[in-house]
Structures are given as structure tokens and as C-alpha cells.
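These numbers come from the heavy atoms of this one structure, side chains and all, not from hydrogens, waters or symmetry mates.
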Amino acid sequence: MNYAEAEKMLKSCGQEHVLAYWKKLGKKERESLLKQIATIEPANVKYCQKALVAGADVADSSKGKAPKVATLKGASLKKAIAVGEAELREGRVAALLVAGGQGSRLGYDGPKGCYEIGPITNAPLFYFHARKILARTLRYGATIPFYVMTSEANNAATVECFKENDYFGLNPKDVFFFTQGMWPGMTKEGKIILDEPGHVFMSPDGHGGLLAALKRSGALADMKKRGVKSVFFFQVDNPLVEIADPAFIGYHVQQKSEYSLKLCAKRDPFEKVGMPMQFGKSFRMVEYTEMSKEQCTRKNKDGSLYFLYGSPAIHVFDREFLEREASKAMPLHLAFKKIPFVGEGGKVVKPSEPNGYKFEKFIFDILPNAKKAAFLAFDQKDEFSPVKNAEGGDSPATCRADMQAKWKKWLSEAGVEVKAGVPVEIDPVYALDADELKTLGLNLFAF
């Protein structure tokens, strides 16, 4: 894109001011700015402006009902596992990881997936995800392609992390990196914000942006070429997640679902998690901020919470459903933030109060479009312990403790008792579960 093309495009959506400091910019700054402008689509700018006029869309959730959530046990569990294992053996399952975030909240300068979480080895989050995929690949004798959505800020570092670690044992040809989209920040008046004279303030478009990114990058086409039918979706900060869990995959297939969600019981009535609700024949994810106090505390006759199950963002999608939704516009969620901007004389101002909007898309906004959805309960302590905060709850300390508790439970079931204070860490390729440990004769060893 050259200057004339950039000017024409910006005029088409009323954003000529982006080139206001052009004459003061050096050659590299001009090239960088043009490169940024080339990524901005006038249609998206107008879409954001409409969202600003409409404001935050808080839908009425008062008529929402709790969905039917399945719990697999006994024969139903065995049947689901058998179906899921068949899908894995036939190579019809892919893993999709959302990993665009940085570890800044953890005091770590780099991709969150590179954050060291191994209790003994200090292996990064990426290690545990990749090794689980490798373990299932070896167990079922079929490739599970691994699609990793990064951001412009961390893509290079993420790819380098995988290269430095020899892709954690995976075949590089089966790991597909792609970046999520970036959207410009805007003022209340719908003007794009410059955070430097030659730079537009941009922010990631949220995990919902993965649909457009999957299509744009060719990842969806790659899935189709490989014969993928089911796509297991998870987030980078949860090393306990059971990736491509056969029972979940199998249940998804059995139900002929387009969008399946794993759900766990809330730790308290006001826990900050999204709640799937049923409205007529369709479902919608309701944010905790959209729920009334009465909804949060509503009880069943047996005293249990009526709206008990929340979503930790562990999903299985039908690939054809993702293809269908990838070409549709998604709702935008507005976040009013403090955004540096260029003030008088071209000086950068760091505001003390929110002054501009970021725009995000959320993947669960496609839930109402699913012709069939399914919900499966799981035990939080077994599969969900995110690394979000530097200290306190959902921190590296709590996550490492939960990882070890899970592994020690496996060892106990395999006949091995671990003394208190003795650290434990199990490579997923060595053993994916307690049953696999039992086959290794670990009862011969004492810890």
C-alpha cells in the first residue's frame, strides 16, 4: 500500500487524521504506518462505529433456563469413550489452542504459553499441552493436528519456543501457527486513536476472532484436507485440561452436536464465570454481570444451585459449523480503557482516566447459531486450574499444587503412595492417566 491508496481508504471511512503527522515521519515510520493501515478494513471501522452508537448490548437473561448437563458414568461413559477413541484412531480430531496472551499479569515478559509451570522441571505451559497431544497420537496411532492461535505481539516468540524445544516431540508439519486479528482503538466519537504520531493503537480482537483467523490463515482448509471432523478448543493457561478427551469427543459425536461445552460446578454462587442458558430451543452464554442476585442464588428443591454449571472455555466444535460461522459478522464487545494518544504538537499523552474503546469478539457468541448443542459436566479439580494471577487464587502456586494433587492421586490409584512434601511431575507421554500408570508396574517403587 502506498500513501495515495492509504489516504483514499481512510477517507472512505472518515479517518484521514491517521496521516496527520506523515510529513514528520521518517522512512521506516512511514513504512510501518502504511503496513498498519493496510490491515484496517473500512467495513470493520464502520462496524465498530455502529457498535459505539449502539453501546453495550446487555440482553435480558431473566427468562433463561438451566440447560440439561450430562454426567457420564458406567455404560454411558464406556460407550462415549469407545466412540471418541474411534474418532481419534481415524484421525478425525484436531486440537485448537488460543494462545495470544502475554504473561504480564504474572510478571513474565513473553507469551503466557512460555511461562514455566512444571513443579520439578519448570517446563512451560506449552510443554504440557503439546505432550498430551503427542501422547494421544502415540496411543491411537493417528495424527492430531495442533492449531495454535497467537497474536502479533507473541507469534515470533511462540514459534521460537516450539523450535527451541524441538516442538516438544511433535512433528512440525502437524503444528499450524496463525495470528488473530487486530482492531484499532477508537474514541467515543468513532475516531481511530494514534498512540504515536506514526502508529495506530491496535488490540487483539478476542478469542472470537479465531473464526476469521482460521479462515484467513488457511487453517480451516487444512483441517478439511486432513479429514478433521471435531475440533477440541482450549486456552493456554490451563495445564490440567484433558486435550482431545475421548469421552468428551465421543459424547459430542453421539449427540450430533455442532458446539459442545464442558462445564464445571461453580465454587460459589457469584463466581465470575459465564453460564450457558436455554432460551426456547437455542442456547446462549450469559455473563455473570448479566445475572441478577436472585438468579445467582436460586436453588433446586434439594438445595443445590439451579444455575450450577459455569464454562471454563473447554469446547468441541464441529468443523463444518466453524466453516459456516467464519463468514458471518460477530457481535462486538466494548471495553472502555485508558489508551495513550497523540495530543497537541504531536506529544504522546498517557491519560489518567479511560478515554477510548477496545473491541473484542467472544467465541461463545456463536452458541445460539448451533443447530444442536451439548453440555457435559466434569470435576474442576481434575481438569481446570488456570494460571491467571501472580499470587492468590488461580496463580502458579495453586496450579502447581493442583497438578501434583492430580498426579499423586493417579499414583495412589496405581498402588504408589507418595510421602508428604515429595514433589511429583509426570510427563503426559509417560502416562496420560492412572490406568496407564498401573500398566507400568509403579507399585515396585516407593516415593
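A salt bridge is defined here as a Lys NZ or Arg NE, NH1 or NH2 lying under 4.0 Å from an Asp or Glu carboxylate O, and Asp382 with Lys406 fails to meet this definition. Between Glu242 and Arg136 there is a salt bridge, since a side-chain N of the basic residue sits under 4.0 Å from a carboxylate O of the acidic one.
For the atom pair His129 NE2 and Leu97 CG, the distance stands at 5.5 Å (nearest 0.5 Å).
Under a 3.5 Å cut-off, the side chain of Glu258 and the backbone N or O of Ala373 do not form any donor-acceptor pair. With Tyr306 contributing its side chain and Gln295 its backbone, the two residues share no donor-acceptor pair below 3.5 Å. Side-chain atoms of Gln278 do not come within 3.5 Å of backbone N or O of Phe283 as any donor-acceptor pair. At distances below 3.5 Å, at least one donor-acceptor pair connects side-chain atoms of Lys132 with backbone N or O atoms of Val241. Side chain of Asn154 to backbone of Thr158: no donor-acceptor contact under 3.5 angstrom is found. The backbone N or O of Lys28 lies less than 3.5 Å from no partner atom in the side chain of Ser32, so there is not a single donor-acceptor pair.
Side chains of Ile40 and Val45 form a contact here, defined as non-hydrogen atoms less than 4.5 Å apart.
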Q.
Lys338 vs Ser352, test: side chain to side chain donor-acceptor pair (under 3.5 Å). Steps then yes/no.
A. CA-CA 7 Å; Lys338 292 184 285 187; Ser352 58; over 6 Å; no
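Under the 6.0 Å cut-off for aromatic ring centres, His333 and Phe359 do not qualify, their centroids lying 6.0 Å or more apart. For an aromatic pair to be called close, the ring centres must be under 6.0 Å apart, and Phe168 with Phe162 satisfies this.
Judged by the 6.0 Å and 45° rule, Arg284 forms a cation-pi pair with Phe279.
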